[in-house]
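Read the structure below first, then the notes.
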There are 2 protein chains.
Amino acid sequence: MSERSRQIVEAAVCLVEEGGTEALTMRALAERLGIRAPSLYKHFPDKAAVEAEVIALAMRDLARALEAAKDELEALAGAYRAYALAHPHLYRLMSAGPLPRERLPDGLEERAALPVVRAMGGERVAARAVWAFAHGMVMLELDGRFPPGADLDGAWRAGVAAFSRT
Amino acid sequence: MSERSRQIVEAAVCLVEEGGTEALTMRALAERLGIRAPSLYKHFPDKAAVEAEVIALAMRDLARALEAAKDELEALAGAYRAYALAHPHLYRLMSAGPLPRERLPDGLEERAALPVVRAMGGERVAARAVWAFAHGMVMLELDGRFPPGADLDGAWRAGVAAFSRT
DNA sequence: GTCTATACCCGGATAGAC
DNA sequence: GTCTATCCGGGTATAGAC
């Protein structure tokens, strides 16, 4: 990938972080770079290609955050939640809706999932349940679905405790 | 609400069920009813009002399905998942993204949540964790996020088992 | 309550000159 | 590699006649 392409992806990340998925349009992206929208198509075939690069970048960041955490459920859950709250729009783009697997680097998805599998002693089925819990907590929190004033820390603790006994 | 308004909401539900959230447009809705889009504004002030009625209807259906299930976590989880898989687009519209609470009937959200709270012996914090698990499982399944061939029944069992020991 | 006509916004993407 | 000009499609919503 050329240097210019990297700059484009970087700008795209900023747009998503600041304004959510919908803020990433070819026009807005071009404007941020000081060029015109059609010029982007000299670097990427279409918008989906740009989006895929943003997703890949976010997944790498999340994977790094999880790998840096201690190999216990509680620490992993904390790191997961922290990433999602720090980058809510990136988390959404990366984790909600269909994933363009063909456009992503091989093994990246697996890499992001690995820390949880290890924390669950290699039990992939249980790891999936834990992942679903964490994803559900994050999405409900980001979407403002819990009642105002709900004890979310408590809910996280309850979930982590439940799965720790597994 | 007039009879005509009810017909409009019913048509809107069909559009969502068949084509997802994006398929619900004022033009498509009008066409399905054999009228022109501007005529809809004689019955509803804007699109959000129609959408809110669809959401309310879906929440009532889900609440009924949960109330009909046995008062145990396993049965509730089964009913929850069954509803979501039977009406994936309605589930999404109702459960993902911000909720227009001002436009919904009082107490409806609470009603839908109650069965889980009861199954958890009144522990609202634990009930929220269970809800997050179920929501996460459903969304990851609907979004095709699990690896192909993953044992989802097993993941559901693992989650239900973990929270049952609470 | 329905229509036609229309305003207004937005999006992705292409052709062809430079 | 950037530009201008443009196409094409889509959306919500309003005005005013009937």
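Order of the sequence lines sets the chain letters (A, B, ...), proteins ahead of strands, with each chain counted from 1.
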Sorted by first residue and then second, give each side-chain hydrogen bond (donor to acceptor under 3.5 Å, both in side chains) pair with at least one member in residues 3-12 of chain B; sequence neighbours left out. B/Ser2-B/Ser5, B/Arg4-B/Gln7
Of all residues at least two apart in sequence or in a different chain, which pass the ring pair (Phe, Tyr, Trp, His ring centres under 6.0 Å) check with B/Phe146? A/Trp131
I'd like to check the salt bridge (charged side-chain N to carboxylate O under 4.0 Å, His left out) partners of B/Glu18; sequence neighbours left out, ordered by chain and number. B/Arg32
Reading nucleotides 7-18 of chain D from the 5' end, what letters show protein touch, with B for base, S for backbone sugar-phosphate only, - for no heavy atom under 4.0 Å? ----BBBBB---
B/Leu62/B/Met59 under side-chain contact (heavy atoms from CB on, under 4.5 Å): CA gap, chis, key distance, verdict: CA-CA 5 Å; B/Leu62 175 57; B/Met59 286 186 72; 5.7 Å; no
Starting at CG of B/Leu40 and ending at C1' of C/dC3, how long is that distance when rounded to a whole Å? 13 Å
Salt bridge (charged side-chain N to carboxylate O under 4.0 Å, His left out) partners of A/Arg27, counting only residues at least two apart: none
Which pairs would a plain distance check flag for residues 40-58 of chain A, meaning a side-chain donor or acceptor within less than 3.5 Å of a matching protein atom at least two apart in sequence or in another chain?
| unit_1 | atom_1 | unit_2 | atom_2 | d |
| --- | --- | --- | --- | --- |
| A/Asp46 | OD1 | A/Ala48 | N | 3.4 |
| A/Asp46 | OD1 | A/Ala49 | N | 3.1 |
| A/Asp46 | OD1 | A/Arg103 | NH1 | 3.4 |
| A/Lys47 | NZ | A/Leu24 | O | 3.0 |

Residue-phosphate contact under 4.0 Å: A/Ser39 side-chain N/O, D/dC3 OP1/OP2: yes
Within residues 1-21 of chain B, residues whose heavy atoms come under 4.0 Å of DNA chain C: B/Arg4
Interatomic distance, A/Leu33 CG vs D/dG1 C1' [rounded to whole Å]: 13 Å
Determine all donor-acceptor pairs shorter than 3.5 Å in which one atom belongs to a side chain in residues 104-122 of chain B; sequence neighbours excluded.
| unit_1 | atom_1 | unit_2 | atom_2 | d |
| --- | --- | --- | --- | --- |
| B/Glu109 | OE1 | B/Arg101 | NE | 3.0 |
| B/Glu109 | OE2 | B/Arg101 | NE | 3.4 |
| B/Glu109 | OE2 | B/Arg101 | NH2 | 2.9 |
| B/Glu110 | OE2 | B/Arg124 | NH2 | 2.8 |
| B/Arg111 | NE | B/Glu67 | OE2 | 2.8 |
| B/Arg111 | NH2 | B/Glu67 | OE1 | 3.1 |
| B/Arg118 | NH1 | B/Asp71 | OD2 | 3.3 |

Which residue pairs satisfy the side-chain hydrogen bond (donor to acceptor under 3.5 Å, both in side chains) criterion with at least one member in residues 81-90 of chain A, sequence neighbours excluded? A/Glu17-A/His87, A/Arg81-A/Glu141, A/Arg81-A/Asp153
For residues 159-166 of chain A, which side-chain donor-acceptor pairs fall under 3.5 Å, sequence neighbours excluded?
| unit_1 | atom_1 | unit_2 | atom_2 | d |
| --- | --- | --- | --- | --- |
| A/Ser164 | OG | A/Val160 | O | 2.7 |
| A/Thr166 | OG1 | A/Phe163 | O | 3.2 |

A/Pro38: partners by side chain to side chain contact (heavy atoms under 4.5 Å, CB included), with sequence neighbours left out: A/Arg36
Terminal axis angle for the helix from C/dG1-D/dC18 to C/dC18-D/dG1, five pairs an end, nearest 10 degrees: 10°
